[in-house]
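Some notes on the structure that comes next.
This one's a predicted model, so the numbers in the text were calculated from it and none came from an experiment.
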Amino acid sequence: MADKQISLPAKLINGGIAGLIGVTCVFPIDLAKTRLQNQQNGQRMYTSMSDCLIKTIRSEGYFGMYRGAAVNLTLVTPEKAIKLAANDFFRHALSKDGKKLTLLKEMLAGCGAGTCQVIVTTPMEMLKIQLQDAGRLAAQRKLLASQAGPNSAVAESITARPTAMQISRELLRSDGIAGLYKGLGATLLRDVPFSIIYFPLFANLNKLGQKTPDGKSPFYVSFLSGCAAGCTAAVAVNPCDVIKTRLQSLQRGINEDTYSGIIDCTRKIWRSEGPAAFLKGAYCRALVIAPLFGIAQVIYFIGIGEFLLGFLPSRRD
């Protein structure tokens with residue numbers, strides 16, 4: 001992140017616009033990632049990302065690929081704004097002596113950003129996962145019902161898919177605000193290491209495009225740096241993302257394991273599915289995160305927030 005001074009409102013606008021554009025572009029791939037990560041051995045509905053998307057379109061229509069997108073589009077603005085602005089804040093706070101940030105300080109700034117963002121990320125992911133995985137569970141039950149017969153218990157268990165408001169109300173009614181923060185520890189376990197890897201890597205890759213120490217990298221360098229750093233960080237923390245997805249899923253398929261916590265989830269996945277299961281959806285996640293953060297950094301460095309704020313009337317003394 002460049003060390004130039006940008007006002008807080010501009011940072012929030014930049015992060016929000018970047019999140020909205022990025023999510024709109026890559027959400028179907030994120031849906032495939034969630035479904036691939038949640039399916040367990042013996043109940044596999046999809047063999048790959050493309051197979052998942054094709055089957056989703058056939059059974060749920062084109063807009064089935066965007067189930068849960070409304071939640072993301074609503075909350076991604078504060079989430080991305082907090083993440084980018086917090087990292088910029090911590091970088092500025094750690095470089096008050098005017099010296100270049102060391103790698104350790106860059107990692108500390110990323111750690112602070114990742115910790116701050118889970119305030120929004122955890123409930124957003126909690127609701128999004130239920131909506132994304134509902135189609136997989138419905139397809140699984142429908143398949144089993146066709147095999148067992150129309151009067152079977154499986155056929156009777158097929159119900160209407162819930163909405164985000166219904167899920168929120170049920171969680172708040174049964175568990176209070178803590179219900180929306182189920183999987184907070186796993187979210188921290190994913191997002192803090194992600195930010196520790198992503199932000200220092202991006203900052204150093206982006207510097208390669210600067211012609212002078214105080215210069216600004218071309219937009220394509222910022223984009224490619226964001227893509228490369230995002231892809232690297234996403235794959236590195238994918239095992240944590242698999243665990244988080246499993247823990248935050250409220251509904252299970254037929255004969256699928258349930259988990260009591262991070263350690264229990266890790267142990268059961270390792271025992272029943274093998275170490276390769278921790279890389280489920282890794283390439284999907286890389287395809288989601290790379291352009292998402294590439295777009296975010298381009299918008300952040302172009303300064304659309306400052307441009308939009310320029311149209312507001314200035315305050316008079």
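- D30 has a carboxylate O that lies under 4.0 Å from a charged side-chain N of K128, or vice versa, which qualifies the two as a salt bridge.
- Scanning both residues, P78 and T74, for their nearest heavy atoms gives CD-O, 3.8 Å.
- L208 is not connected to L101 by any chain of hydrophobic side-chain contacts under 4.5 Å among Ile, Leu, Val, Met, Phe, Trp and Tyr, and they are in different clusters.
- Annotation: the span from L188 atom CG to T122 atom OG1 amounts to 6.5 Å, rounded to 0.5 Å.
- No donor-acceptor contact under 3.5 angstrom links the side chains of S249 and D133, judged on distance only.
- Taking every heavy atom of both residues into account, E79 and V120 meet most closely at CB-CG1, 3.9 Å.
- Heavy atoms of other residues, nucleotides or ligands lying less than 6.0 angstrom from CD of Q166 number more than 12.
- In this structure, the side chain of K268 engages the main chain of T258 through a donor-acceptor pair within 3.5 Å.
- R67 and T56 form no side-chain donor-acceptor contact under 3.5 Å, judged by distance and modelled atom types alone.
- E256 and N38 share no side-chain donor-acceptor pair at under 3.5 Å.
- Of the N and O atoms on the side chains of N206 and S222, at least one donor lies less than 3.5 Å from an acceptor on the other residue.
- Annotation: Y181, atom OH; neighbour count of heavy atoms from other residues, nucleotides and ligands within 6.0 Å is above 12.
- Expressed to the nearest 0.5 Å, how far CG of D241 lies from OG1 of T187 amounts to 9.0 Å.
- Separation of the F90 and F199 ring centroids does not fall under the 6.0 Å cut-off.
- How far OG of S168 is from CZ of R173: 13.5 Å, rounded to the nearest 0.5 Å.
- For the atom pair OG1 (T245) and CD (Q132), the distance works out to 8.5 Å, reported to the nearest 0.5 Å.
- Q130 places a side-chain N or O within 3.5 Å of a backbone atom of Q248 that can act as its donor or acceptor partner.
- Neither side chain, K105 nor S95, offers a donor N or O lying under 3.5 Å from an acceptor on the other.
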*Test log, rule side-chain contact (heavy atoms from CB on, under 4.5 Å), inputs I167 and L131*: CA-CA 9 Å; I167 296 170; L131 297 171; 4.0 Å; yes
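- Between atom NZ of residue K83 and atom CG of residue D191 there is a gap of 5.5 Å, rounded to the nearest 0.5 Å.
- The shortest heavy-atom contact between P28 and L53 is O-CD2, 3.3 Å.
- Of the possible donor and acceptor atoms, none in the side chain of N72 sits under 3.5 Å from a partner among the backbone N and O of M124.
- Formation of a donor-acceptor pair under 3.5 Å by the Q39 side chain with backbone atoms of R35 is not found in this model.
- Here the side chain of K55 pairs a donor or acceptor atom with the backbone of M45 at under 3.5 angstrom.
- Below 30°, between 30° and 60°, or above 60°: for Y62 and Y66 the angle between ring planes is between 30° and 60°, a tilted geometry.
- F202 and V235 are assigned to two separate hydrophobic clusters, defined by single-linkage of ILVMFWY side chains at heavy-atom distances under 4.5 Å.
- R246 places a side-chain N or O within donor-acceptor distance of the main-chain N or O of Q37, the cut-off being under 3.5 Å.
- Taking CG of L292 as the start and SG of C227 as the end, the distance is 9.5 Å to the nearest 0.5 Å.
- Side chain to side chain, E106 and N204 meet the donor-acceptor criterion of an N or O pair below 3.5 Å.
- Atom CG of L103 has more than 12 heavy atoms from other residues, nucleotides or ligands within 6.0 Å.
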